[in-house]
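The shown structure was predicted, so the numbers you read here are calculated from the model rather than taken from an experiment.
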Amino acid sequence: MLVYTSAIDLSSRTLQRLSGLLAGHRRRIGSRWRRLTCGRQALLVLAHLRCGDTYARLAAGFRIGIATVFRYIREAVDLLAPLAPTLEQAMDIARRKAYVILDGTLLLTNRITADRTYYSGKKKHHGMNVQVLADPAGRLIWASDALPGATHDLAAARIHDIPAALTADDIKCWADKAYQGASPAIRVPFRGRSLRGRRRRHNRDHAKIRSLGERAMAILKDWRILRKLRCSTTRITAIVRAVVALELAN
């Protein structure tokens, strides 16, 4: 297999942070020898998460076995996932903002057609539903655990207690029509296609504000592993959390 040098659009600070995390873990477990140094393992993990490189390609590029690649990535993801902010921590940040933007996204998976639980009727694809909170500038604040793609955004928000948390802290939130009736704290546009006057102006202004939340979605999916997930659905939440931890630390 041919091997070539490539680049990852991340700062060296991200690499150093992950490398330090791995080094501390190795000291705690008393790991004596590894095929790759902490720095090389961190580079491998970032290539997988940021660029979406497969295990086979990484194994060839780093000259190690596929099973070793799998273990290295799983180890790093499990170390990063607990560092992602909880909803309570996100609310602490949100209280310092004028408002937040709530939206849901579908992370595509390669689930088979029989898995109806993971099929999103809206997106016409199998995937996992993730709820995202962004600040007024569209910067990522928080991402939820992943739920099966058939879960409606409103149901997902309630499962994660997002409406209750926003209401309890009196935080203003903008969201789309899918969150109608979620909470008085969540502002949604008027329903209907032929709106006029005040309602039409309200929806236009609402769309301008809410559109900034798409930036957070784009930031999240800049990590190409999240564009088409090929792992077990039980691992997707950990991967999302790991990506959020890296992004917020970048």
Side-chain angles (χ1 to χ4, degrees), residues 1-10 14-15 18 21-22 35-36 40-84 103-132 140 143-151 153 156 159-160 216-248 250:
M1 184 179 291
L2 297 176
V3 178
Y4 67 95
T5 303
S6 185
I8 304 175
D9 57 339
L10 292 171
T14 305
L15 178 67
L18 180 53
L21 193 65
L22 291 167
R35 292 292 303 275
L36 297 181
R40 293 286 286 171
Q41 181 182 354
L43 185 63
L44 179 149
V45 172
L46 293 177
H48 177 66
L49 297 177
R50 186 69 173 185
C51 305
D53 288 342
T54 63
Y55 293 163
R57 291 180 64 181
L58 292 169
F62 285 83
R63 301 185 184 281
I64 57 177
I66 291 178
T68 304
V69 172
F70 173 81
R71 290 196 301 270
Y72 277 171
I73 292 172
R74 189 183 185 96
E75 179 182 54
V77 166
D78 288 344
L79 288 172
L80 287 165
L83 302 180
D103 204 354
T105 187
L106 186 75
L107 304 181
L108 304 185
T109 69
N110 62 343
R111 301 299 302 184
I112 60 174
T113 306
D115 293 324
R116 302 301 299 177
T117 305
Y118 299 94
Y119 185 77
S120 169
K122 179 180 179 181
K123 298 294 184 180
K124 308 300 181 186
H125 204 287
H126 291 82
M128 300 292 282
N129 180 301
V130 172
Q131 301 294 300
V132 174
L140 180 68
S144 72
D145 293 353
L147 294 172
T151 310
D153 281 340
I159 289 170
H160 299 306
M217 299 297 187
I219 288 170
L220 200 60
K221 292 187 178 179
D222 271 348
W223 296 81
R224 293 172 185 83
I225 189 65
L226 298 181
R227 295 183 185 179
K228 183 67 176 291
L229 291 152
R230 295 174 175 83
C231 60
S232 167
T233 55
T234 61
R235 293 292 300 166
I236 293 176
T237 289
I239 291 172
V240 171
R241 288 179 177 175
V243 165
V244 170
L246 287 168
E247 181 60 43
L248 294 180
N250 191 12

Side chains of [X] and [Y]: closer than 4.5 Å at any heavy-atom pair?
X	Y	result
Trp223	Val240	no
Met128	Thr105	no
Glu247	Leu220	no

> Does the side chain to side chain contact (heavy atoms under 4.5 Å, CB included) test come out yes or no for Leu226 and Leu229, once each step is laid out?
Replying inline: CA-CA 6 Å; Leu226 298 181; Leu229 291 152; 4.3 Å; yes
Rounded distance (nearest 0.5 Å) linking atom [atom1] of [X] with atom [atom2] of [Y]:
X	Y	atom1	atom2	value
Ile73	Ile225	CD1	CD1	7.5 Å
Ile8	Arg224	CD1	CZ	10.0 Å
Leu106	Leu147	CG	CG	11.5 Å
Phe62	Thr68	CZ	OG1	13.0 Å

>> If we ignore hydrogens and angles and just use 3.5 Å, is the side chain of Lys221 paired with the main-chain N or O of Ala218 as donor and acceptor?
In response: no
> So which heavy atom on Asn110 is nearest to which on Arg230, and how close?
Replying inline: OD1-CA, 3.6 Å
> Ala156 and Thr151: which non-hydrogen atoms are nearest, and at how many Å?
Replying inline: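 Between these two residues, the closest heavy atoms are N-CG2, 3.8 Å.
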>> Going by side chain to side chain contact (heavy atoms under 4.5 Å, CB included), name the residues that satisfy it together with Asp145, two or more places apart in sequence or in a different chain.
In response: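 Only His160, Thr237, Arg241 meet the side chain to side chain contact (heavy atoms under 4.5 Å, CB included) criterion with Asp145.
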Without placing hydrogens or testing angles, list every side-chain donor-acceptor pair under 3.5 Å for residues 40-60, not counting sequence neighbours.
residue, atom, partner, partner atom, Å
Gln41, OE1, Arg26, NH2, 2.6
Gln41, NE2, Tyr72, O, 3.2
Gln41, NE2, Glu75, OE1, 2.8
His48, ND1, Asp53, O, 2.9
Arg50, NE, Asp9, OD1, 2.9
Arg50, NH2, Asp9, OD2, 3.2
Thr54, OG1, Arg57, N, 3.3
Arg57, NH2, Tyr4, OH, 3.4

Could you list the donor-acceptor pairs under 3.5 angstrom formed between side-chain atoms of residues 76-84 and any protein atom two or more places apart in sequence or on another chain?
residue, atom, partner, partner atom, Å
Asp78, OD1, Arg235, NH1, 3.1
Asp78, OD1, Arg235, NH2, 3.1

